[in-house]
Amino acid sequence: MGLNSLRTRMVLIAAGLLLLTGLLSLIFFERIADHISTQLSSDFSSQHVLWQKERIGGVINRELALAQKMVDSMPIRRWLMADDDEAIAAEAALELESFRRLFDAQSYFAVPTRSQNYYFADEPQTKPPLIKQLDRDLSEDSWYFSTLKRGAPININIDVNHKLQTTRVWFNLLAYEEEEVIGIIGTGLELTDFIADLIASPEAGVETMLLSSDLAVTAHEDPELITFNLLSREEEEIIRINDLLDSSADQHALEEAFKRLRNHEAQTITLQVQKAGTPHILSAAWLPEIEWFALTLVDSRHLYGSREFIQLALIMGGALVAVVVLLGLFFSHLVLSPLNFIARAADRIAGGAYHTRLNLTRKDEIGMLGSAFDHMSQTVEEHTRNLEQKVQERTLSLKEANSRLNESIAYAGLIQSSLLPSQARMANRFGEQMVIFKPKDQVGGDLYLLFESPEGSLLGLADCTGHGVAGAMMTMTLHATLTQLTQEMGLAHPARLLGALNNRMRTNLNSEEKSRMDNGLEMGLVFIDRRAQTLRFAGARVGLYRIQNKKPIRQRGDRQSLGYRRTSQDFLFHEEAFKIEPECTYLMLTDGLLDQSGGEKGLPFGVRRFNALLATLDPLPLAKQQAHIEAALREFQGEYPQRDDITLVAFRNPKAEE
């Protein structure tokens with residue numbers, strides 16, 4: 001490497017300047033090292049608390065999501081309202097066991113509000129094991145009554161249970177039925193494992209903890225600092241983060257910072273505080289899912305000390321000064337001017353002038369850089385031209401694919417509409433009738449059908465697995481299968497038709513036992529005997545309403561779906577017969593309307609609200625009832641999205657045999 005090389009000249013000059021500036025670098029090292037140490041500790045603390053937030057949030061969110069699924073389970077909810085019913089308890093035990101195996105601690109608990117019985121299981125059980133009946137006067141049971149009084153849907157508590165010999169983080173979720181609390185159900189994490197896995201830090205000088213929304217210490221590697229049984233603690237028994245700080249100014253600053261976190265004004269906050277007479281870096285993050293804070297305290301002396309920077313300071317300090325002096329005094333002409341020229345050319349390329357070239361004739365490194373720059377700009381120009389063409393072609397291809405997809409979905413909707421009985425057919429068969437058919441998407445999994453024969457008419461309503469195109473495909477399979485069965489068996493026996501449909505759909509949908517997909521449907525069938533003026537009904541999780549004199553009476557269907565692998569092939573559906581009463585309205589609906597979220601709290605529309613609406617609308621013609629029901633649903637739903645396909649069919653005064 002010759003002396004004309006820019007790199008050689010820079011190294012020689014830098015070597016001389018390093019000797020001169022080394023002494024000055026050492027003088028200022030201590031102050032710079034302290035500043036760097038504080039900055040690195042702040043960065044470490046901020047990143048560490050974000051890391052802890054994600055780890056803790058991931059574990060807690062998984063447990064909460066599973067617990068919420070358990071709260072939403074219909075077998076479990078029925079058991080919470082009737083835990084003394086052996087059959088319901090046996091069905092609930094199977095459902096509870098499926099969740100227990102998935103929980104981290106492989107355990108669950110439940111307290112039905114009606115009986116206040118405490119059930120707990122941490123191993124497979126054939127029925128929920130009763131531990132005790134909770135007593136308001138016992139301090140160990142105070143968590144339950146405090147949770148009810150608080151009324152929050154999700155509660156997280158750290159509890160020492162001497163009877164069960166467990167210390168856990170408990171997830172207590174309230175189960176509602178029509179805005180009424182029917183029970184508390186949930187699970188727990190073993191506190192020792194929780195702290196070992198998520199809280200205890202292997203780094204010296206790093207302290208991690210969790211705080212409740214009112215700043216109480218809820219998790220810490222030192223059990224003496226944890227406020228156990230927080231929901232039932234008196235104020236003077238609670239240990240808060242402010243109790244660990246030396247300065248009232250630090251306490252006030254921390255409270256203001258926590259307000260910013262709660263209001264989502266910052267992702268993390270970092271402060272310098274005094275703890276036990278030692279300066280610490282404190283970082284905190286908000287866990288909105290559980291309304292807790294994750295907090296990290298760092299003693300920077302244990303992470304980054306001044307001695308660790310001595311070697312780096314000797315090298316980098318001298319080199320930095322040397323480079324600055326070198327660039328400023330000796331190489332302005334050799335380096336800065338050419339680099340400024342190259343920078344201006346780069347700006348022109350960034351602005352889209354890809355034809356820019358430097359055309360430098362120098363033979364040193366700057367000249368090599370200029371040649372490489374020219375080659376780069378030429379390559380960018382060519383690639384940009386090719387890319388623009390490819391983008392145009394790809395955009396056109398995507399537009400065409402999207403258009404074909406929309407056409408296919410629209411055609412699927414047209415096919416599904418063709419399966420539905422026309423309004424003229426419905427009007428020809430019934431004196432009055434109304435139909436509300438609102439798929440969640442352009443097509444859906446709900447279907448209503450009308451079959452006729454000399455013996456009478458068969459009206460069916462079905463809710464198939466899934467939404468959209470998948471649900472629509474299910475309805476087509478159902479329509480073809482039921483059409484074939486009615487041709488084979490006739491229309492007069494709805495219960496027998498449901499049994500045959502169950503077996504046929506199990507074969508058609510779930511023949512592959514190892515498939516992860518399990519498809520099926522819920523359905524109600526009403527046969528109208530025009531000669532005898534009678535009505536026969538059978539339902540698979542779909543009921544029949546009879547409304548007369550403002551009194552809705554719901555005839556529940558059997559608690560058995562159709563087509564799923566878990567359905568019994570030998571199940572015998574029940575059939576109810578009624579004399580057709582003048583001015584009596586007969587109605588069936590899928591669960592999409594009852595489950596629709598809305599109102600101030602986002603709760604379901606619900607059976608009680610629907611029954612009250614039917615009672616007020618009974619005297620009106622069905623056409624006006626339909627308008628009132630749709631208006632009530634729109635007002636209740638508000639800005640909430642439609643959750644499911646919504647279908648309702650009703651009739652009054654079916655026409656007798658001509």
Side-chain angles (χ1 to χ4, degrees), residues 60 63-73 76-84 107-120 128 130-164 166-189 191 210-219 226-241 258 262 286-293 599-604 606 608:
I60 292 177
E63 296 296 291
L64 279 178
L66 284 174
Q68 189 61 59
K69 285 288 186 181
M70 188 166 62
V71 169
D72 293 339
S73 169
I76 296 175
R77 296 171 70 86
R78 287 194 294 270
W79 172 69
L80 288 174
M81 294 184 288
D83 62 318
D84 55 350
S107 65
Y108 68 84
F109 75 90
V111 184
T113 304
R114 186 179 68 116
S115 65
Q116 294 186 354
N117 287 333
Y118 181 84
Y119 296 90
F120 177 88
L130 174 62
I131 303 300
K132 58 181 288 188
Q133 187 175 41
L134 300 182
D135 188 346
R136 187 182 297 273
D137 296 329
L138 292 178
S139 60
E140 65 183 26
D141 296 340
S142 61
W143 66 270
Y144 168 74
F145 301 97
S146 299
T147 302
L148 282 181
K149 183 178 180 181
R150 185 181 182 194
I154 299 175
N155 300 269
I156 298 180
N157 187 31
I158 296 180
D159 174 50
V160 178
N161 191 313
H162 299 290
K163 185 176 183 63
L164 298 176
T166 59
T167 302
R168 294 187 174 183
V169 178
W170 290 101
F171 301 89
N172 306 330
L173 280 72
L174 272 61
Y176 292 90
E177 182 69 21
E178 301 294 335
E179 303 182 12
E180 177 184 353
V181 178
I182 61 174
I184 298 178
I185 193 167
T187 186
L189 285 173
L191 184 58
L210 294 181
L211 309 178
S212 66
S213 59
D214 56 356
L215 309 188
V217 179
T218 54
I226 300 175
T227 302
F228 294 99
N229 309 314
L230 178 62
L231 295 178
S232 58
R233 286 286 188 178
E234 297 296 332
E235 180 64 23
E236 59 273 11
E237 298 177 314
I238 298 176
I239 301 175
R240 291 190 166 84
I241 181 62
F258 281 157
R262 280 199 198 93
W286 177 241
L287 302 173
E289 303 86 352
I290 58 175
E291 297 187 352
W292 281 10
F293 293 98
E600 295 181 358
K601 298 182 179 180
L603 297 175
R608 185 179 301 175

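Between Asn172 and Trp143, some side-chain heavy-atom pair lies under the 4.5 Å cut-off. Leu215 has its side chain out of reach of Ile238: every pair of non-hydrogen atoms, C-beta onward, lies at least 4.5 Å apart. Contact annotation: the side chain of Leu138 never approaches that of Arg136 to less than 4.5 Å [non-hydrogen atoms, C-beta and beyond]. Looking at Thr187 and Ser107, their side chains come closer than 4.5 Å, going by heavy atoms from C-beta outward. Using a 4.5 Å heavy-atom cutoff, the side chains of Glu180 and Thr113 are not in contact. Proximity of Phe171 to Ile60: side-chain heavy atoms (C-beta onward) are separated by under 4.5 Å at one or more points. Within the 4.5 Å cutoff, no side-chain heavy atoms of Phe120 are placed close to those of Val111. Trp170 is listed as a side-chain neighbour of Phe109, based on a closest heavy-atom distance under 4.5 Å.
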(message) Leu211 vs Val217, test: side-chain contact (heavy atoms from CB on, under 4.5 Å). Steps then yes/no.
(response) CA-CA 5 Å; Leu211 309 178; Val217 179; 3.9 Å; yes

(message) Is there a side-chain contact (heavy atoms from CB on, under 4.5 Å) between Arg240 and Asp214? Walk through the geometry before answering.
(response) CA-CA 8 Å; Arg240 291 190 166 84; Asp214 56 356; 3.4 Å; yes

(request) Start with the C-alpha distance between Leu80 and Arg78, add both sets of side-chain angles, then the distance that settles side-chain contact (heavy atoms from CB on, under 4.5 Å), and finish with yes or no. (result) CA-CA 5 Å; Leu80 288 174; Arg78 287 194 294 270; over 6 Å; no

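Residue Met81 comes nearest to Glu177 through the heavy atom pair SD-CG, 3.9 Å, listed as atom of the first residue, atom of the second, then distance. Nearest approach of Pro128 to Tyr108, heavy atoms of both residues: CA-OH, 3.8 Å. Of all the heavy atoms in Ala110 and Ile185, the pair that sits closest is CB-CG1, 3.9 Å.
Going from atom CG of Leu134 over to atom OH of Tyr118 covers 8.0 Å, rounded to the nearest 0.5 Å. Atom CD1 of residue Ile76 and atom CD1 of residue Ile182 lie 10.5 Å apart, to the nearest 0.5 angstrom. The distance from atom CD1 of Ile184 to atom CG of Leu174, rounded to the nearest 0.5 Å, is 5.0 Å. Taking CG of Leu130 as the start and CG of Asp84 as the end, the distance is 11.5 Å to the nearest 0.5 Å. Distance check: Gln116 CD to Leu148 CG gives 7.5 Å after rounding to the nearest 0.5 Å. To the nearest 0.5 angstrom, Ser146 atom OG is 10.5 Å from Asp141 atom CG.
Residues satisfying the ring-ring contact (aromatic ring centres under 6.0 Å, His included) test with Phe293, not counting sequence neighbours, are Phe258, Trp286.
Side-chain contact check for Ser115 and Asp83: at least one donor-acceptor pair (N or O, by modelled atom type) lies under 3.5 Å.
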